[in-house]
J.: 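Got a structure here, written out as structure tokens. Questions coming.
These figures come from a predicted structure and were not determined experimentally. What's counted below: heavy atoms across the whole structure, side chains too, no hydrogens, waters or symmetry copies.
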Amino acid sequence: KAGVTQTPRYLIKTRGQQVTLSCSPISGHRSVSWYQQTPGQGLQFLFEYFSETQRNKGNFPGRFSGRQFSNSRSEMNVSTLELGDSALYLCASSLGTGQLNLRNTEAFFGQGTRLTVV
Amino acid sequence: AQRVTQPEKLLSVFKGAPVELKCNYSYSGSPELFWYVQYSRQRLQLLLRHISRESIKGFTADLNKGETSFHLKKPFAQEEDSAMYYCALKSGNMLTFGGGTRLMVKP
């Protein structure tokens, strides 16, 4: 089956602009999570959506927002971009029912969108 | 709040040598732990999870609740094991990652 798809793969934006990143999960997966990866801070959780509702949120400012559509596709938006927002943004999908079993616990990651803010 | 620590940023071993990548965690509940691997130019992928007690590509990891550790081990390293390894703790549907350890296996 097709994996998690993130678009675009690369983006260059100017400080102050806003950006929208897209993630298409694996078919049948209802949970989509977003992570920011930087050399200094590593992988940090941004937020998770399940059935169009934000279910978990990390410790990021309100400039970072997201949404999920009825087909489970998700978008992440960053407004008023800062230089420090330059990072690889990863999306992960899972079945997301929350029950502890082998099928539901695995998160599958996309290739990421590399955002450069200049 | 949960925390995952991988004390080594880089681990360099020779082919055939044993490997142990360390992971320590702090979490108030019952932990659900994973090892993820990222090979060069590939996406992050699950290597193994503690609840299945499996061995994948010769790697094993045992959860030690007393020492709050989940170290990844392999008795004989191969060159193709060279990659970034991340230990992760799952709470709800959120993963908390360690800083990662780059494993380099020299010929």
J.: Measuring from B/Arg41:CZ to A/Gln111:CD, what's the distance to the nearest 0.5 Å?
T.: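 CD of A/Gln111 is found 11.5 Å from CZ of B/Arg41.
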
J.: Determine whether more than 12 heavy atoms belonging to other residues, nucleotides or ligands lie under 6.0 Å from atom CG of A/Asn71.
T.: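 Yes - once you tally the heavy atoms of other residues, nucleotides and ligands closer than 6.0 Å, there are more than 12.
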
J.: Within the distance-only criterion (no hydrogens, no angle test), does the side chain of B/Arg43 pair as donor or acceptor with the backbone N or O of A/Val4 below 3.5 angstrom?
T.: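 Yes: the side chain of B/Arg43 pairs with the backbone of A/Val4.
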
J.: Do the side chains of A/Glu48 and B/Met94 get nearer than 4.5 Å, heavy atoms only?
T.: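 The answer is no, as the side chains (C-beta and beyond) never meet within the 4.5 Å cut-off.
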
J.: Looking at A/Arg63, I want to see if its CZ is surrounded by more than 12 non-hydrogen atoms of other residues, nucleotides or ligands under 6.0 Å.
T.: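 It does: A/Arg63 CZ has more than 12 such atoms within range.
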
J.: Taking side chain as C-beta onward, heavy atoms only, is A/Gln37 less than 4.5 Å from B/Gln38?
T.: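 Yes - at least one pair of side-chain heavy atoms lies under 4.5 Å apart.
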
J.: Around atom CZ of B/Phe14, are there more than 12 heavy atoms from other residues, nucleotides or ligands closer than 6.0 Å?
T.: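 Check fails, neighbour count at 12 or below.
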
J.: Of the backbone (N, CA, C, O) and the side chain (C-beta and beyond), which part of A/Phe47 lies under 4.5 Å from a heavy atom of chain B, both, or neither?
T.: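 For A/Phe47, neither part sits under 4.5 Å from chain B.
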
J.: Count the heavy atoms belonging to other residues, nucleotides or ligands that lie under 6.0 Å from CZ of B/Arg102, then report whether that count exceeds 12.
T.: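 No, CZ of B/Arg102 has 12 or fewer neighbouring heavy atoms, counting only those of other groups under 6.0 Å.
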
J.: Looking at chain A, which one of B/Thr96, B/Leu46, B/Leu95 has the largest number of heavy-atom pairs inside 4.5 Å, strictly under?
T.: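 Most heavy-atom pairs within the cutoff with chain A belong to B/Leu95.
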
J.: Atom CD of residue position B/Glu80 - does it have more than 12 heavy atoms of other residues, nucleotides or ligands inside 6.0 Å?
T.: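 Check passes, neighbour count above 12.
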
